[in-house]
Amino acid sequence: MIPGENMSAQNSNASPPELNVTLPLMSDLPETSFAWSNVELPVDILLLTAEDCEFLSCFAYLKEPFKSYHISSGYVYFGCMGDDQGKKMKIALMRCSKGPDVPGGSLSVSKDAILLLRPKAIFSVGACSGLNSKKVKLGDVVVSAKLITAAHKTPPSRDIGNLIKHVADGWKAPLQNADEYAAKVHCDGVVLSISEGKKDITGQHPEAIAVEMEGGGVYAAAHDFKTEWVVVKGIKDFADETQSPCKKWKQIACVMAASVVANILNDPVIFQDWPHFNAGISSCLNVLFLQG
């Protein structure tokens with residue numbers, strides 16, 4: 001048993017470990033925008049976040065970052081991730097409102113972004129709440145091997161499903177003393193994705209180990225457009241806690257999740273044969289489905 005593990009697993013007021021990553025501030029973001037006509041599309045991967053801490057954690061891992069603006073989507077931040085051999089992946093980073101079906105929520109933003117950016121996959125990245133302190137602890141990362149929404153229970157899309165079993169391969173927690181706090185990546189995570197008003201149904205899904213709000217919208221958009229998707233989120237608190245979550249644990253949860261995503265995307269070879277979203281093919285499939 002790691003000293004303090006039980007305490008930190010059940011109490012977000014416990015002393016959190018120290019990160020070895022320095023998060024940028026909002027004031028550190030690019031001040032000016034590149035013209036949209038100079039943006040190279042399509043991108044390879046879209047990272048979607050909701051809160052500032054989630055966004056900044058992902059931004060910290062972008063290389064050569066810049067931002068641009070499109071009337072249909074607002075600001076989009078771009079950058080790359082890749083290996084030491086010079087192979088790079090083009091990454092887009094966006095924010096949405098909290099929740100799936102609110103104006104500017106994950107559903108509408110994901111749909112607009114897929115059509116505009118034509119990514120190979122969407123990663124919903126950020127923080128979530130734990131549901132079972134016997135299975136997860138603060139700072140752990142949960143990857144959605146199954147996503148439960150108010151209407152569906154769904155595994156990830158095919159190519160992502162094959163990938164997530166190995167997302168923790170070679171991953172090192174971004175902590176100053178990682179050996180003292182054994183954060184875990186749950187590659188078989190069952191994630192409950194519901195809106196704020198439906199939090200009372202968490203008890204109906206005992207198999208779920210975490211709950212969040214944006215994954216359901218990402219799934220719905222990706223499903224409609226035949227695009228790969230996954231939810232990767234760190235545990236910031238527990239859903240049954242009455243006190244407000246500790247800001248430091250939230251920061252750790254966000255950075256942990258972003259670091260797992262960066263670990264995946266730093267191996268571009270994996271994604272080289274994945275297709276970009278193709279609006280023409282998607283439209284044809286929808287027409288055939290309706291005619292059938």
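The chain is numbered in sequence order, starting from 1.
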Practice task
Decide, yes or no, whether a salt bridge links K248 with E18 under the criterion of side-chain N to carboxylate O below 4.0 Å.
Solution key: yes
Problem - K88 with E64: basic N within carboxylate O range, under 4.0 Å - result: yes
Practice task
May I ask you to test the F59-L29 pair for a side-chain heavy-atom distance under 4.5 Å?
Solution key: yes
Problem - K90 side-chain N/O to L41 backbone N/O, donor-acceptor pair under 3.5 Å - result: no
Exercise for the section: Evaluate the ring planes of Y77 and Y75, with Trp represented by its six-membered ring, and classify them as parallel (under 30°), tilted (30 to 60°) or perpendicular (over 60°). Expected result: tilted
Practice task
Locate the shortest heavy-atom distance separating V211 from C128; write the atom from each residue and the value.
Solution key: O-CB, 3.3 Å
Exercise for the section: Report yes if the side chains of Q176 and L19 come closer than 4.5 Å at any heavy-atom pair, otherwise no. Expected result: no
Exercise for the section: Indicate yes or no: at least one non-hydrogen side-chain atom of K165 is less than 4.5 angstrom from one of C187. Expected result: no
Problem - Contacts of H70 that satisfy ring pair (Phe, Tyr, Trp, His ring centres under 6.0 Å) - sequence neighbours left out - result: W36
Practice task
For K172 and A178, indicate whether the former's side chain and the latter's backbone hold a donor-acceptor pair under 3.5 Å.
Solution key: no
Problem - Salt-bridge present (E51, K236; N to O < 4.0 Å) - result: no
Exercise for the section: Using modelled atom types only, decide if a donor and an acceptor are shared between the side chain of D237 and the backbone of C246 within a distance under 3.5 Å. Expected result: no
Completion exercise
Given the options V261, L175, V21, D140, M256 meets side chain to side chain contact (heavy atoms under 4.5 Å, CB included) only with L175
Handout entry: Enclosure of H223 NE2 (heavy-atom neighbours >12, cutoff 6.0 Å)
Key = no
Problem - Sequence neighbours excluded - side-chain hydrogen bond (donor to acceptor under 3.5 Å, both in side chains) pairs with any residue from residues 107-120 - result: K111-D224
Problem - CD/E40: more than 12 non-hydrogen atoms of other groups inside 6.0 Å - result: no
Practice task
Without swapping roles, check the side chain of T49 against the backbone of G126 for a donor-acceptor pair under 3.5 Å.
Solution key: no
Exercise for the section: Check R95 against V109 and note the closest heavy-atom contact, atom names and distance. Expected result: O-CG1, 4.1 Å
Problem - Minimum-distance pair of heavy atoms, taken over all atoms of H166 and N162 - result: CD2-O, 3.9 Å
Practice task
Over all heavy atoms of both residues, which pair between L116 and S73 is shortest? Give the atoms and the distance, please.
Solution key: CD2-OG, 3.2 Å
Exercise for the section: Check whether any side-chain heavy atom of D159 lies under 4.5 Å from a side-chain heavy atom of L163, and answer yes or no. Expected result: no
